[in-house]
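Single-structure report; data block below.
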Amino acid sequence: MKFYWLKFTWFLIVMMAVGSGYGCSCNMARTIKESVDGAPAIFMGTVLAEASADLEMGEMRAYTIKVKKIYKGTVRADTVVVFTNFSEARCGIQFKVNSKIIAFATTILRDKKLINENRFFETSLCTWSGPYKVAIDKQLTSVIGKR
């Protein structure tokens, strides 16, 4: 009986350690205005392709996006690449190829310089990024103004 409790205690310790180290934990902005204020770049576009990339940040999904509308920030007006963690447990987000999305994105910096002229961005489940919705588009236009 003593051995059973020892195994059970060990199991609980391992589960707590795994759960606290790998779960997605967001401090997501509650309003669209808070999200706009916190995102350096916001744009809408169509997902052209999905690939995987092994970067310094770990294994990432890389989505090629044809930009259709820029709400905020400096974004190349043609095609960009948006990286997100491969695992949803690490706040990675999945987009469908050929779908229309809105991305609340951060620019990727290396040595405090933008990488490749505002073509590479990062996003996560902790943002309002996701499938395009007319309601979100209207809210963004209202908060940011027409561009």
Side-chain angles (χ1 to χ4, degrees), residues 8-147:
F8 181 72
T9 303
W10 178 248
F11 173 77
L12 287 177
I13 291 170
V14 169
M15 291 307 292
M16 289 188 322
V18 168
S20 65
Y22 292 100
C24 178
S25 175
C26 300
N27 290 324
M28 188 170 157
R30 295 175 192 251
T31 68
I32 197 92
K33 177 150 179 22
E34 291 172 339
S35 296
V36 166
D37 292 344
I42 304 170
F43 51 90
M44 182 268 288
T46 302
V47 178
L48 300 176
E50 175 185 350
S52 62
D54 193 12
L55 305 176
E56 293 173 7
M57 305 175 262
E59 189 174 5
M60 306 286 279
R61 282 191 175 92
Y63 292 99
T64 303
I65 313 253
K66 173 72 175 161
V67 177
K68 306 266 185 176
K69 182 176 183 178
I70 300 168
Y71 299 96
K72 178 184 177 188
T74 305
V75 179
R76 287 214 34 193
D78 54 358
T79 304
V80 298
V81 177
V82 176
F83 293 96
T84 187
N85 200 292
F86 205 80
S87 167
E88 285 185 24
R90 291 186 146 180
C91 303
I93 189 168
Q94 288 187 340
F95 299 122
K96 293 180 182 177
V97 174
N98 297 321
S99 69
K100 212 163 139 179
I101 64 150
I102 293 179
F104 287 71
T106 57
T107 52
I108 298 179
L109 300 173
R110 177 139 314 140
D111 299 325
K112 298 184 181 179
K113 292 182 183 177
L114 289 174
I115 294 178
N116 203 357
E117 303 170 10
N118 301 302
R119 286 187 69 132
F120 295 97
F121 297 90
E122 186 177 2
T123 194
S124 73
L125 285 172
C126 299
T127 69
W128 281 55
S129 293
Y132 174 82
K133 294 181 181 164
V134 173
I136 300 292
D137 179 73
K138 287 181 179 180
Q139 287 179 19
L140 283 169
T141 302
S142 172
V143 168
I144 297 170
K146 294 188 179 186
R147 296 187 178 245

Does [X] use its side chain to pair, donor to acceptor, with the backbone of [Y] at less than 3.5 Å?
{"X": "Lys72", "Y": "Ile144", "result": "no"}
{"X": "Arg61", "Y": "Phe86", "result": "yes"}
{"X": "Lys68", "Y": "Thr46", "result": "no"}
{"X": "Arg119", "Y": "Val81", "result": "no"}

Practice task
Could you pull out all residues at least two apart from Asp37 that satisfy side chain to side chain donor-acceptor pair (under 3.5 Å)?
Solution key: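 Applying side chain to side chain donor-acceptor pair (under 3.5 Å) to Asp37 gives Lys33.
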Handout entry: With Thr84 via side chain to side chain donor-acceptor pair (under 3.5 Å) - residues at least two apart
Key =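 Thr84 satisfies side chain to side chain donor-acceptor pair (under 3.5 Å) with no residue once adjacent residues are dropped.
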Exercise for the section: Indicate, with yes or no, whether the SG-to-SG separation of Cys24 and Cys126 is under 2.5 Å. Expected result: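 Cystine link not detected, SG atoms outside the 2.5 Å cut.
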Problem - From NZ (Lys69) to CG (Leu140), nearest 0.5 Å - result: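 Answer rounded to 0.5 Å: 8.0 Å.
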Problem - Euclidean distance, Arg90 CZ relative to Ser25 OG, rounded to 0.5 Å - result: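 Going from OG on Ser25 over to CZ on Arg90, the span is 13.5 Å.
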Problem - Partner residues of Phe95 under the ring pair (Phe, Tyr, Trp, His ring centres under 6.0 Å) criterion, sequence neighbours left out - result: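 Partners of Phe95 under the ring pair (Phe, Tyr, Trp, His ring centres under 6.0 Å) test: Tyr63.
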How far apart are the closest heavy atoms of [X] and [Y], and which atoms are they?
{"X": "Ser129", "Y": "Thr123", "value": "OG-OG1, 2.6 Å"}
{"X": "Asp137", "Y": "Ile102", "value": "N-CD1, 4.2 Å"}
{"X": "Thr79", "Y": "Lys66", "value": "OG1-CD, 4.1 Å"}
{"X": "Thr127", "Y": "Ser124", "value": "OG1-O, 2.9 Å"}
{"X": "Val75", "Y": "Ala41", "value": "CG2-CB, 3.9 Å"}

Exercise for the section: From the options Phe83, Phe104, Phe43, select the one residue that forms a ring-ring contact (aromatic ring centres under 6.0 Å, His included) with Phe121. Expected result: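 Passing option: Phe43.
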Handout entry: Cys91 and Asn85, any side-chain heavy atoms less than 4.5 Å apart
Key =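 SC-SC contact between Asn85 and Cys91 ruled out.
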